[in-house]
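By convention here, the first residue in the shown sequence is residue 1. This one's a predicted model, so the numbers in the text were calculated from it and none came from an experiment. Note that ligands are numbered from 1 as they come in the structure, with each ligand's atoms numbered from 1 the same way.
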Amino acid sequence: MPSALRVRFAPSPTGYLHIGGARTALMNFLQARRQGGTFILRMEDTDQGRSTPESVQAILDGLNWLGIDWDEGPGKEGPYAPYFQMQRLGTYREHSDRMLAEGKAYRCYCTREELDAQRQAAEKAGGAFKYPGTCRELKAPPPGKRAEDAVIRFKMPSGEGSVSFDDKALGVITKPYSDLDDWVMLRADGIPLYNFGCVIDDHLMDITLVARGQEHVNSTFPQLMLYQALGWQPPDFAHLPLILASDRKKLSKRLHPEADVMRHKADGILPEALLNYVIRLGWSHGNDEVISREQMVEWFDFTGVGTTSGIWDRNKLLWLNQQWLKLLPESVIAERLLPFLEAKGVQAKGDARLEPLVRALRERSNTLEEMATTAANVYFRSGVTLDEKAAAKHLTGDSLGLLRKVREALTALPGWTVEALDGVVKTVSESSSVGMGKVAQPVRVALTGNTTSPGIGETLLLVGRDEALSRIDAALARG
Ligand code: GLU
């Protein structure tokens with residue numbers, strides 16, 4: 001086995017990229033980057049009823065958006081190609097033929113009806129179904145059956161024994177042979193079942209560490225039996241904690257929209273924030289909360305992975321997203337904001353106000369979507385919709401008098417700079433002997449329709465001279 005780390009992410013392309021899958025991919029990717037290893041992407045597309053090219057694309061899109069790039073896999077064919085299991089059927093057949101010849105596997109002719117009846121009987125008796133080995137000793141097909149219609153089953157060693165492994169996250173786990181049965185490796189049509197395809201590929205692709213979700217722990221035992229039967233050295237294993245929904249149920253595609261990675265993109269979450277969030281759900285580095293990709297690469301190790309499930313917490317994700325909105329360069333946020341603005345009918349590409357807007361709004365926005373909504377409603381249109389409650393409170397009586405004074409001073413102001421504009425509020429508040437807030441709030445409501453906005457000078461500048469004066473006039477007209 002090669003000594004350099006080779007890890008893989010092996011999704012079944014039967015839907016979008018699931019958040020749990022994204023985290024598995026991320027952890028493998030990080031470990032590979034940290035150790036100078038290789039990260040392989042393999043499509044386990046053997047479920048012919050559910051695997052689709054659209055799902056393959058959705059997974060690639062999700063990984064690309066998150067910046068989790070693979071060294072070998074679709075589009076990066078290497079010495080271990082192909083990376084789609086359906087293109088590797090010959091390999092599986094070859095190995096199962098060899099196992100048949102060596103007496104390590106056998107053909108099974110039991111029908112689905114027979115097996116279903118046995119399963120039901122076992123469940124009724126309160127036990128788990130185990131294949132009883134009906135066809136184990138057959139030397140030829142029973143009358144009326146054909147070898148080519150049979151499935152191929154793995155032959156468990158007879159007698160007592162147990163199988164164990166030292167999981168990097170969970171420690172040593174053991175199962176007695178008596179808990180395992182003669183499982184199906186290959187269907188009659190030559191399509192492998194998960195355990196078989198997975199082991200053959202992991203071995204042939206020289207995978208040194210298999211890191212996957214905890215839901216696969218029990219699959220590891222039959223897989224280890226197969227390594228043993230083939231005389232192959234198994235890789236190391238790390239089984240990663242699950243991510244549960246906030247209702248503590250398994251994150252399901254049907255019930256929990258947050259399970260879909262690309263849904264977060266559409267919601268205006270930054271990939272930096274999503275990566276940061278999911279890595280923290282199953283791993284920690286001291287008390288660090290905001291962790292960059294570079295830091296993850298430097299710090300991540302499977303031995304630091306926890307064992308308990310992480311619970312989805314949207315507020316925490318939003319908080320992290322805001323941190324990342326503040327941390328990334330304005331130009332980057334501005335660029336990413338464009339499609340959100342466009343969806344609202346605003347073409348802001350090349351607009352000089354874009355970066356100042358990002359600077360002003362990122363303190364107050366949790367998502368790009370929120371930022372775009374404010375930008376479109378307040379800064380990229382003429383006129384503004386007043387919040388009636390805010391207007392009733394701040395655009396009446398004395399407040400309108402103060403607003404009028406601000407308007408006069410603004411018209412007289414030669415140059416519009418943030419300092420000069422803030423100075424106007426100060427001067428009016430001093431000359432009227434009222435607090436700055438009393439002056440600023442009517443201006444703010446007149447300009448933005450609401451009571452929260454960046455600083456007044458900044459807001460005036462962003463709205464622009466003509467538009468600001470016209471909004472103030474509209475507010476004054478209420479008096
Ligand atoms: N195709 C399996 C899945 O998507 C892969 C499990 C594994 O990593 O071994 O769940």
Side-chain angles (χ1 to χ4, degrees), residues 5-32 37-52 54-60 62-63 68 70 72-74 80 82-89 92 154 165 167-170 173 183-187 191-227 232 234-243 250-253 259-261 278 282 302 305 309:
L5 183 81
R6 286 177 61 84
V7 289
R8 85 315 190 259
F9 174 50
S12 302
T14 56
Y16 54 64
L17 177 61
H18 189 277
I19 200 83
R23 193 188 55 184
T24 299
L26 172 64
M27 289 183 169
N28 278 291
F29 164 83
L30 293 174
Q31 194 72 4
T38 306
F39 174 53
I40 292 117
L41 176 61
R42 180 174 75 228
M43 291 288 170
E44 300 203 330
D45 56 348
T46 52
D47 184 339
Q48 288 298 279
R50 294 168 62 224
S51 292
T52 61
E54 292 75 25
S55 300
V56 170
Q57 195 53 50
I59 289 170
L60 302 183
L63 293 174
I68 300 176
W70 53 99
E72 291 173 19
Y80 298 87
Y83 298 93
F84 286 81
Q85 289 195 318
M86 287 307 285
Q87 294 170 23
R88 303 173 61 82
L89 297 186
Y92 309 127
F154 177 77
F165 66 101
D167 190 280
K168 283 195 176 304
L170 301 173
I173 331 179
W183 47 278
V184 176
M185 302 180 344
L186 205 66
R187 298 191 330 199
I191 296 181
L193 271 87
Y194 160 62
N195 282 331
F196 190 60
C198 176
V199 167
I200 301 295
D201 288 348
D202 283 342
H203 176 76
L204 295 180
M205 294 181 177
D206 284 331
I207 301 300
T208 58
L209 166 66
V210 166
R212 58 188 169 199
Q214 264 178 26
E215 69 270 28
H216 294 293
V217 169
N218 278 326
S219 300
T220 308
F221 301 103
Q223 293 186 6
L224 283 167
M225 296 310 300
L226 184 54
Y227 282 102
W232 291 345
D236 289 332
F237 291 94
H239 286 92
L240 314 170
L242 302 179
I243 301 178
K250 194 166 170 274
L251 258 184
S252 98
K253 296 190 173 183
D260 177 3
V261 165
V278 296
F302 280 113
V305 165
S309 304

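- Close contacts of ligand 1 with Pro11, meaning ligand atoms under 4.0 Å from a residue heavy atom, involve 4 (O).
- Between Glu215 and Lys250 no salt bridge is recorded (no basic side-chain N to carboxylate O distance below 4.0 Å).
- Residue Cys198 has no N or O atom closer than 3.5 Å to an N or O atom of ligand 1.
- At least one test fails for Arg8 against the ring of Tyr80: distance under 6.0 Å to the centre or angle within 45° of the axis.
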Next item on the list: List the steps, then state whether side chain to side chain contact (heavy atoms under 4.5 Å, CB included) holds for Cys198 with Arg42.
Entry: CA-CA 10 Å; Cys198 176; Arg42 180 174 75 228; 4.1 Å; yes
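- Exactly one residue among Trp183, Phe154, Phe221 makes a side-chain contact (heavy atoms from CB on, under 4.5 Å) with Asn195. That residue is Trp183.
- Atom 7 (C) of ligand 1 has Tyr194 OH, 3.2 Å as its closest protein atom, hydrogens excluded (heavy atom only).
- A heavy-atom separation below 4.0 Å is not found between Phe9 and ligand 1.
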Next item on the list: Please lay out, stage by stage, how Leu170 and Phe237 fare under the test side chain to side chain contact (heavy atoms under 4.5 Å, CB included).
Entry: CA-CA 9 Å; Leu170 301 173; Phe237 291 94; over 6 Å; no
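- Between Phe39 and Phe29, the two ring planes are perpendicular [angle over 60°; tilted spans 30° to 60°].
- Nearest to atom 1 (N) of ligand 1 among the protein's heavy atoms is Glu44 OE1, 2.6 Å.
- At the top of the distance list for atom 10 (O) of ligand 1, counting protein heavy atoms only, stands His216 NE2, 2.9 Å.
- Ala10 O, 3.1 Å is the protein heavy atom nearest to atom 5 (C) of ligand 1.
- Using a 4.0 Å heavy-atom cutoff, Arg8 is listed among the residues neighbouring ligand 1.
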